[in-house]
Amino acid sequence: MNLSEQYPIHLSNSLSGKKEKFEPLVPGFVGMYVCGPTVYNYVHLGNTRTFLTFDTVSRYFRFLGYKVRYVRNITDVGHLESDADEGEDKIGKKARLEELEPMEIVKRYTEDFHNVMRIFNILPPSIEPSATGHIVEQINITKKLIDLGLAYETNGSVYFDVKKYNQSHHYGILSGRNIDELMESGRDLDSQDEKREKVDFALWKKASPAHIMRWPSPWGEGFPGWHIECTVMSTKYLGETFDIHGGGMDLKFPHHECEIAQATGANGKTPVRYWLHSNMLTVNGQKMSKSLGNSFLPSELFTGNHPMLERGYTPMTVRFFMLQSHYSSTLDFSNEALGAAEKGYKKLANSLKLIKSIEHPGNATPDKELNEALQTLVADCYKNMSDDFNTAKTLAVLFEMSSRINDMKSGNVSLNKIEPAVFESFKKAYIGFMEDVLGLQEETSSDDKLLDGTIRVLIELRKKARTDKNFALSDKIRDDLKAIGVQLKDGKDGEITYTIE
RNA sequence: GGUCUCGUGGCCGAGUGGCUAGGCUGAGCUCUGCAAAAGCUCCUACAGCGGUUCGAAUCCGCUCGAGACCUCCA
């Protein structure tokens with residue numbers, strides 16, 4: 001029995017609103033699409049949480065032995081500005097503000113995005129398609145929808161006919177809306193007069209004369225609507241039906257709802273089997289967003305250079321902090337919580353370093369209870385992750401394992417009592433869940449060999465002073481190092497280790 | 001206004017019909033030349049009011065409070 005059978009994954013499907021057992025379309029394979037960033041600005045921490053969530057999801061699938069194709073797009077065109085901007089596209093607007101070519105903007109912020117992902121140890125997706133690279137496909141599906149009678153052209157723009165679609169399907173199936181209520185409520189947009197109904201949404205927008213980003217189409221020069229790129233890119237690389245579609249909660253409506261309508265309308269089948277939505281990062285209980293002005297840039301977080309921050313926090317501290325809550329809950333961001341996370345993370349990271357250096361001596365005289373307890377911990381890691389990717393529960397188990405690792409180091413627990421095979425699986429699980437599944441690496445604040453060598457010289461001097469009972473000198477070495485941020489720790493075996501604060 | 005979610009101990013945050021979540025903080029003990037680290041112990045909560053049940057933080061209803069979506073947003 002392989003791991004995926006032993007620990008079947010159950011996940012919360014937003015489509016059904018229930019936790020369901022995950023059954024891949026093709027055994028052993030997972031196709032997953034996640035809505036990526038719009039690269040017209042720096043990514044903030046709230047964005048990062050979503051990508052971290054799905055990073056962990058894809059990591060865990062792979063850890064269980066699935067072959068994963070993870071597609072995450074780059075939106076470099078298409079998002080319409082609000083009514084004030086008369087349907088102008090975000091990238092184009094920003095470009096003129098800064099007097100740059102749109103592609104310059106796209107490149108700058110894409111690189112920033114990749115950089116942030118790297119810093120947080122968020123692995124790259126298998127495919128990272130861009131909207132501008134799929135204009136032809138977007139035009140084709142728009143044509144198809146017109147031919148099927150599900151879309152119509154007005155003044156060089158093309159809109160999806162939601163009412164028509166709703167006659168044979170259910171528009172609102174994901175977000176629980178009903179079309180009559182939608183048609184009554186909501187604001188009037190500028191393009192209202194072009195649409196038959198206010199619920200209709202653009203598949204293709206005519207470009208105004210001033211509009212920079214434009215492509216020729218059967219309806220004149222223009223650019224694709226917001227929702228169509230995801231439909232095109234997901235189905236192109238994953239098929240007309242695929243396993244998982246993820247994204248932030250705020251995309252559920254209208255974005256994801258429209259994706260379902262477009263894809264179902266065009267291909268005649270339900271595009272996605274499991275919808276996963278990650279919840280928002282909040283600040284003082286309010287959603288973190290650029291428009292509210294309460295967002296944090298990753299760089300501000302690392303340096304502490306932000307009015308709301310008392311000091312800086314490392315990327316792994318932030319990663320740990322986010323993993324301590326479930327992805328489907330909101331998570332509130334505060335100095336206190338971050339400070340607590342820092343200590344917690346360091347504890348786990350210390351044990352990670354420790355366990356790597358511990359080897360089993362062989363020849364066990366096993367203690368049955370102990371061995372069973374250790375095996376239970378390993379199994380619990382899998383069980384908790386398989387239960388809707390519950391990273392918070394998994395971390396609780398890792399803390400327990402961390403204590404046992406410290407026991408092994410201190411001698412509280414004798415390695416002789418642990419069966420070699422149990423020890424190996426325990427060690428492998430701790431390292432595996434920390435590094436491969438949760439992506440929590442050791443954060444060497446300095447891998448500077450010169451510094452390390454220098455500290456070791458001082459440690460040797462201190463050892464000598466202690467053997468000579470020259471505590472005045474040994475304490476001075478320790479205290480002076482402490483003052484500049486190097487904490488020495490005396491082990492029971494006489495070995496001295498250090499951490500840089 | 002419509003749709004929906006949430007309200008857990010000093011703080012953060014899991015859980016969701018009966019069994020200790022966990023982290024941080026605080027107190028104590030052990031180890032230690034003293035520290036630090038580590039191990040152990042303690043502080044035991046589920047907004048309020050009703051109801052269902054042998055039993056509810058967990059299900060149902062109401063009240064209060066907070067938030068999200070309905071418009072670009074992860």
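Proteins get letters first, then strands, A, B, ... in listed order; numbering begins at 1 in each. Computed from heavy atoms alone, side chains included, the values below leave out hydrogens, waters and symmetry copies.
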Colleague: I'd like the C1' distance from B:A56 over to B:U8, given in whole Å.
Modeller: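 Result for the C1' pair: 14 Å, nearest Å.
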Colleague: Whole angstrom is fine here: how far is it from CG in A:Leu377 over to P in B:G22?
Modeller: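 Rounding to the nearest Å, CG of A:Leu377 and P of B:G22 are 12 Å apart.
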Colleague: Quantified in whole Å, what is the C1' atom distance between nucleotide B:U20 and nucleotide B:A45?
Modeller: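 Going atom to atom, C1' in each nucleotide, I get 13 Å.
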Colleague: Starting at CG of A:Leu52 and ending at P of B:A74, how long is that distance when rounded to a whole Å?
Modeller: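 Nearest whole value for this atom pair: 16 Å.
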Colleague: Considering heavy-atom distances to RNA chain B, does A:Leu488 or A:Gly46 have its closest nucleotide positioned more toward the 5' end?
Modeller: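 Nearer the 5' end of the strand: A:Leu488.
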Colleague: Extract from the structure each pairing of a protein N or O with an N or O of nucleotides 11-15 of chain B at less than 3.5 Å, listing the distance.
Modeller:
unit_1, atom_1, unit_2, atom_2, d
B:G13, OP1, A:Asp332, N, 3.0
B:G13, O2', A:Gln324, O, 3.2
B:A14, OP1, A:His326, N, 2.8
B:A14, OP1, A:Ser329, OG, 3.3
B:A14, O3', A:Asn390, ND2, 3.4
B:G15, OP1, A:Asn390, ND2, 3.1

Colleague: Counting side-chain heavy atoms from C-beta on, which of B:C70, B:U25, B:G22 comes nearest to A:Ala396?
Modeller: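 The answer is B:G22.
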Colleague: Strictly by Watson-Crick or wobble contacts shorter than 3.5 Å, is anything paired with B:C24, and which nucleotide is it?
Modeller: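 Its partner is B:G10 (Watson-Crick or G-U wobble, both distances under 3.5 Å).
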Colleague: Do A:Asp407 and B:A38 have a side chain to base donor-acceptor pair shorter than 3.5 Å?
Modeller: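 Side chain to base: no pair present.
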Colleague: Return the value, rounded to whole Å, for the distance between atom NZ of A:Lys482 and atom C1' of B:A37.
Modeller: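 Atom NZ in A:Lys482 sits about 11 Å away from atom C1' in B:A37.
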Colleague: So A:Leu281, base contact, sugar-phosphate only, or nothing? Heavy-atom distance under 4.0 Å.
Modeller: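 Counting heavy atoms under 4.0 Å across all strands, the contact made by A:Leu281 includes a base.
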Colleague: Ignoring hydrogens and angles, are the base of B:A74 and the side chain of A:Arg49 linked by a donor-acceptor pair under 3.5 Å?
Modeller: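 Looking at the base of B:A74, it does not pair with any donor or acceptor on the side chain of A:Arg49 (distance under 3.5 Å).
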Colleague: Nearest whole angstrom, please: distance from the P of B:A36 to the CD1 of A:Ile496.
Modeller: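 Rounding to the nearest Å, CD1 of A:Ile496 and P of B:A36 are 16 Å apart.
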Colleague: Roughly how many Å apart are B:G65 and B:A47, using the P atom of each and rounding to a whole number?
Modeller: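 Between the two P atoms, the distance is 16 Å.
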Colleague: Which atom pairs, one a donor and one an acceptor, fall under 3.5 Å between side chains of residues 477-487 of chain A and the rest of the protein, sequence neighbours left out?
Modeller:
unit_1, atom_1, unit_2, atom_2, d
A:Asp480, OD2, A:Lys476, NZ, 2.8
A:Lys482, NZ, A:Gln487, OE1, 2.9

Colleague: Nearest heavy-atom pair of A:Met213 and A:Val77: which atoms, and what distance?
Modeller: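 Closest approach of A:Met213 to A:Val77, heavy atoms only: SD-CG2, 4.0 Å.
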Colleague: Please determine whether a side-chain nitrogen of the Lys or Arg among A:Glu259 and A:Lys252 lies less than 4.0 Å from a carboxylate oxygen of the Asp or Glu.
Modeller: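 No salt bridge links A:Glu259 with A:Lys252.
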Colleague: Taking atom types as they are modelled, would you say the side chain of A:Asp250 forms a donor-acceptor pair with the base of B:C70 within the 3.5 Å cutoff?
Modeller: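 Under the 3.5 Å cut-off, the side chain and the base do not form any donor-acceptor pair.
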Colleague: Find the distance A:Phe253:CZ to B:C72:C1' and express it as a whole number of Å.
Modeller: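 Checked: the CZ to C1' distance equals 14 Å.
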Colleague: Please confirm whether the ring centroid of A:Tyr159 lies under 6.0 Å from the ring centroid of A:Phe201.
Modeller: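 A:Tyr159 vs A:Phe201: aromatic centres not under 6.0 Å.
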Colleague: Partner of B:G33 by Watson-Crick or G-U wobble geometry, both contacts under 3.5 Å, or none?
Modeller: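 When the pairing criteria are applied, nothing turns out to pair with B:G33, so the answer is none.
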Colleague: For B:A66, give its Watson-Crick or G-U wobble partner with both distances under 3.5 Å, or none.
Modeller: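 B:A66 is paired, partner B:U5.
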Colleague: Would you mind telling me which residue lines up with the more 5' stretch of RNA chain B, A:Phe399 or A:Gly247, judged by nearest nucleotide?
Modeller: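 Of the two residues, A:Phe399 wins.
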Colleague: With a 4.0 Å cut-off on heavy atoms, is A:Leu395 in touch with a base, just the backbone sugar-phosphate, or nothing at all?
Modeller: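 The residue A:Leu395 makes no contact with any strand.
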Colleague: Counting only Watson-Crick or G-U wobble pairs whose two distances fall under 3.5 Å, which nucleotide matches B:U16?
Modeller: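 Its partner is none (no Watson-Crick or G-U wobble pair with both distances under 3.5 Å).
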Colleague: In whole Å, what is the span from the CG atom of A:Asn412 to the C1' atom of B:C40?
Modeller: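 That distance rounds to 9 Å.
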Colleague: With rounding to whole Å, what would you report as the distance between B:G7 and B:U16 at their C1' atoms?
Modeller: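 Their C1' atoms lie roughly 15 Å apart.
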Colleague: Verify the ring-centre separation between A:His44 and A:Phe296: is it less than 6.0 angstrom?
Modeller: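 A:Phe296 vs A:His44: aromatic centres not under 6.0 Å.
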Colleague: Within the 3.5 Å criterion, strictly below it, is a donor on A:Ser12 or A:Asp388 matched to an acceptor on the partner's side chain?
Modeller: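 The answer is yes; a qualifying pair exists.
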Colleague: Between B:G33, B:C70, B:A74, which nucleotide gets closest to the side-chain atoms of A:His44?
Modeller: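 Out of B:G33, B:C70, B:A74, the nucleotide with an atom closest to A:His44's side chain is B:A74.
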Colleague: Take atom CE of A:Met288 and atom P of B:A74, then tell me their distance rounded to the nearest Å.
Modeller: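 Result: 13 Å.
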Colleague: Give a yes or no on whether the ring-centroid distance for A:Tyr60 and A:Tyr7 is below 6.0 angstrom.
Modeller: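 No, the ring centres sit 6.0 Å or more apart.
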Colleague: With rounding to the closest Å, how many angstrom separate the C1' atoms on B:C46 and B:A57?
Modeller: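 About 4 Å, rounded to a whole number of Å.
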Colleague: Would you classify A:Thr48 as touching base, sugar-phosphate or nothing, given that sugar-phosphate means primed atoms plus P, OP1 and OP2, and contacts are heavy atoms under 4.0 Å?
Modeller: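 A:Thr48: no heavy atom of the nucleic acid under 4.0 Å.
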Colleague: Would you kindly check whether a donor in the side chain of A:Arg177 faces an acceptor in the base of B:C4, or vice versa, at under 3.5 angstrom?
Modeller: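 No such pair is found, so the answer is no.
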Colleague: Just checking, any donor-acceptor pair under 3.5 angstrom between side chains of A:Tyr171 and A:Asn178?
Modeller: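 Distance-only check fails for A:Tyr171 and A:Asn178.
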Colleague: Mind checking the P distance from B:A74 to B:C6? Whole angstroms is fine.
Modeller: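 Looking at atom P only, B:A74 and B:C6 are 24 Å apart.
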Colleague: Within the distance-only criterion (no hydrogens, no angle test), does the side chain of A:Lys393 pair as donor or acceptor with the backbone N or O of A:Lys383 below 3.5 angstrom?
Modeller: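 Pair absent, no side-chain N/O of A:Lys393 close to backbone of A:Lys383.
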Colleague: For the side chain of A:Arg404, starting at C-beta, report the closest nucleotide among B:G39, B:U25, B:C34.
Modeller: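 When the side chain of A:Arg404 is considered, B:G39 is the closest of B:G39, B:U25, B:C34.
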Colleague: Run through A:Tyr327, A:Phe120, A:Tyr70, A:Phe113 and flag the one making a ring-ring contact (aromatic ring centres under 6.0 Å, His included) with A:Phe51.
Modeller: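 Only one option passes, and that is A:Phe113.
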Colleague: Could you tell me whether A:Arg108 and A:Asp112 make a salt bridge, using a distance below 4.0 angstrom between a side-chain N and a carboxylate O?
Modeller: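 Between A:Asp112 and A:Arg108 there is no salt bridge, as every charged N stays at least 4.0 Å from the carboxylate O atoms.
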Colleague: When rounded to the nearest Å, what value does the distance between P atoms of B:U30 and B:C49 take?
Modeller: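 Those two atoms are separated by 44 Å.
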Colleague: For A:Lys489, which contact category applies under a 4.0 Å heavy-atom criterion: base, sugar-phosphate, or nothing?
Modeller: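 It contacts base atoms.
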Colleague: Across all strands, who's sitting opposite B:C46 as a Watson-Crick or G-U wobble pair, both distances under 3.5 Å?
Modeller: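 The base-pairing partner of B:C46, which may sit in any strand shown, does not exist here.
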Colleague: Looking at B:C69, I'd like to know if its phosphate oxygens (OP1 or OP2) sit under 4.0 Å from a side-chain N or O belonging to A:Lys287.
Modeller: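 Yes, such a contact exists.
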Colleague: A:Met385 CE to B:A21 P: how many Å, rounded?
Modeller: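 For the pair A:Met385 CE and B:A21 P, the rounded distance is 22 Å.
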Colleague: Would you say A:Lys252 places a side-chain N or O within less than 4.0 Å of OP1 or OP2 belonging to B:A74?
Modeller: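 Checking B:A74 against A:Lys252, no side-chain N or O comes under 4.0 Å of OP1 or OP2.
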Colleague: Is any side-chain N or O of A:Asn406 closer than 4.0 Å to OP1 or OP2 of B:G39?
Modeller: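 So the side chain of A:Asn406 is within the cut-off, an N or O lying under 4.0 Å from OP1 or OP2 of B:G39.
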Colleague: Using the C1' atom on both, measure B:U58 against B:G17 and round to a whole Å.
Modeller: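 Comparing C1' positions in B:U58 and B:G17 gives a spacing of 6 Å.
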Colleague: I want to check one thing: is the phosphate of B:A38, taken as OP1 and OP2, less than 4.0 Å away from some side-chain N or O of A:Lys347?
Modeller: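 Answer is no, no contact under 4.0 Å.
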